2 protein chains.
Amino acid sequence: MELKQIEKISKALSDINRLKILQYMQKNQGKVECTHACDLLDLAQPSISHHIKKLVESGLINQHKIGRNYHYSLNHEVWDNYMLRLKNL
Amino acid sequence: MELKQIEKISKALSDINRLKILQYMQKNQGKVECTHACDLLDLAQPSISHHIKKLVESGLINQHKIGRNYHYSLNHEVWDNYMLRLKNL
DNA sequence: AAAATATATTGAAATTTTTAAATGTATAAA
DNA sequence: TTTATACATTTAAAAATTTCAATATATTTT
């Protein structure tokens, strides 16, 4: 993993709303209802959408549509590599 | 460790220049000669100073002056807590 | 196929971050 | 104690990020 990706992942983790979204995902078995997330975070729907996109683009989470809603899962490989690289910076 | 500090540390790690500074510190046993760092990163001296400050403020590194220059050391407690919190987000 | 529901994208404003010139402060050397 | 050297701070401009209204797209229901 290159330094550039370490930077990108750290950036994805550097916003409290995105951290809360990650927590919400985990608690909800990866299921995310956008409207519920809006209430929870007190953000407009496009903002939620934008934050989720950043998480996906960083590679930290995978996205797949189920019916009308989305499900997400941690990309454990990316996650573990990130930790490892930080430890041995 | 609160979510706010996770955010702050991630933010400190979310700039490639700061990551390079961290690497440079490690390679140099924590010793930093600012002018050398300027050359390495192709940044002006105040920028280096600013980036180092962000790292110190995040709690990731400790700063202590030796003679005219500065030495730094990783704050392992903060570092480890950060990792742990991320793992169990 | 039309209406309803859920998320994505675009565009623009507000905020934050990054950068460096100018200047200040502290230490070391002459 | 003057001069040189090294890092810090202030200030201001440039760049990037965050936010949301408006709009678009996709899916489900009727």
Side-chain angles (χ1 to χ4, degrees), chain A residues 3-25 27-73, chain B residues 3-25 27-73:
Chain A
L3 224 52
K4 259 290 169 199
Q5 193 173 357
I6 303 284
E7 184 190 34
K8 194 166 190 178
I9 293 175
S10 299
K11 206 164 272 180
L13 292 171
S14 73
D15 180 280
I16 201 153
N17 291 315
R18 287 195 286 273
L19 290 172
K20 283 178 183 169
I21 288 174
L22 277 174
Q23 286 190 327
Y24 171 72
M25 278 177 187
K27 273 191 202 128
N28 245 37
Q29 291 92 41
K31 214 184 326 172
V32 168
E33 293 172 43
C34 203
T35 39
H36 185 208
C38 288
D39 289 354
L40 191 73
L41 300 176
D42 198 27
L43 284 177
Q45 178 267 318
S47 301
I48 302 285
S49 199
H50 166 256
H51 284 307
I52 289 179
K53 195 175 179 184
K54 284 219 158 176
L55 288 169
V56 171
E57 281 171 354
S58 78
L60 277 176
I61 59 173
N62 301 120
Q63 184 182 44
H64 46 113
K65 203 164 189 175
I66 294 185
R68 192 181 305 191
N69 289 17
Y70 280 81
H71 284 211
Y72 301 89
S73 52
Chain B
L3 225 50
K4 260 289 169 198
Q5 194 173 355
I6 302 285
E7 184 190 33
K8 195 167 190 177
I9 293 175
S10 300
K11 205 165 273 178
L13 292 171
S14 74
D15 180 281
I16 201 153
N17 291 316
R18 287 195 287 273
L19 290 172
K20 284 179 183 169
I21 288 173
L22 277 175
Q23 285 190 326
Y24 172 73
M25 278 176 187
K27 273 191 202 131
N28 245 38
Q29 291 93 41
K31 214 183 327 171
V32 169
E33 293 172 43
C34 203
T35 39
H36 186 209
C38 289
D39 288 353
L40 191 74
L41 300 177
D42 198 28
L43 283 177
Q45 178 267 320
S47 299
I48 303 285
S49 200
H50 166 255
H51 284 306
I52 290 179
K53 195 174 179 185
K54 284 220 161 177
L55 287 169
V56 171
E57 281 171 355
S58 77
L60 278 176
I61 60 174
N62 301 121
Q63 185 181 43
H64 46 113
K65 203 165 191 175
I66 294 186
R68 192 183 306 194
N69 289 17
Y70 280 81
H71 284 210
Y72 300 89
S73 52

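All chains are named by letter (A, B, ...) in the order of the sequence lines, taking the proteins before the strands, and each is independently numbered beginning at 1. Worth saying up front: this structure is predicted, and the values here are computed from it rather than measured.
- We find that CG of B/Asn69 is positioned 20 Å from P of C/dT25, with the value rounded to whole Å.
- Counting non-hydrogen atoms under 4.0 angstrom, A/Leu43 reaches the backbone sugars and phosphates but no base.
- Put simply, CD on A/Glu57 is 12 Å from C1' on C/dT9, counting in whole angstrom units.
- With a 6.0 Å radius and a threshold of 12 heavy atoms from other residues, nucleotides or ligands, B/Asp39 has its CG atom above the threshold.
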Legend entry - Trace of the side-chain contact (heavy atoms from CB on, under 4.5 Å) decision for B/Leu3 with A/Lys20: CA-CA 8 Å; B/Leu3 225 50; A/Lys20 283 178 183 169; 3.7 Å; yes
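- For C/dA8, its base sits under 3.5 Å from the side chain of A/Gln45 at one donor and acceptor pair at least.
- For the pair A/Arg68 and A/His51, both in contact range of DNA chain D, the more 5′-proximal nearest nucleotide belongs to A/His51.
- Atoms NZ (A/Lys53) and C1' (D/dT25) sit 14 Å apart, rounded to a whole Å.
- Considering only side-chain N and O atoms, B/Ser47 lies under 4.0 angstrom from the phosphate OP1 or OP2 of C/dA20.
- Remark: B/Lys54 does not engage B/Glu57 in a salt bridge, criterion side-chain N to carboxylate O under 4.0 Å.
- Across C/dT9, D/dC7, C/dA20, the shortest atom-to-atom separation from the side chain of B/Cys34 is found for D/dC7.
- Rounded to whole Å, the distance from CD1 on B/Ile16 to C1' on C/dT19 is 17 Å.
- Here the P atom of nucleotide D/dT17 and the NZ atom of A/Lys8 are 10 Å apart, to the nearest Å.
- Between the CG atom of A/Asp42 and the P atom of D/dC20 there is a distance of 8 Å, given to the nearest Å.
- When the side-chain nitrogen and oxygen atoms of B/Thr35 are compared with OP1 and OP2 of D/dA6, none of them lie within a distance under 4.0 Å.
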Inset, instruction - Apply side-chain contact (heavy atoms from CB on, under 4.5 Å) to A/Leu41 and A/His51, showing your working. - result: CA-CA 11 Å; A/Leu41 300 176; A/His51 284 307; over 6 Å; no
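- What separates CD of A/Gln63 from C1' of C/dA6 is a distance of 13 Å, to the nearest Å.
- OP1 or OP2 of D/dT18 has at least one side-chain nitrogen or oxygen of A/Lys54 nearer than 4.0 Å.
- Nearer to the 5' terminus of DNA chain D, by closest-nucleotide assignment, is the contact made by A/Asn17 (compared with the other of A/Asn17 and A/Ile66).
- Counting any heavy atom pair closer than 4.0 Å across all strands shown, A/Val56 reaches no nucleic acid atom.
- Of the possible donor and acceptor atoms, one in the side chain of B/Asp15 sits under 3.5 Å from a partner among the backbone N and O of B/Asn17.
- Here C/dA20 presents its P atom at 11 Å from CG of B/Leu41, a figure rounded to the nearest Å.
- In terms of phosphate contacts, B/Lys11 brings a side-chain nitrogen or oxygen within less than 4.0 Å of OP1 or OP2 of C/dT17.
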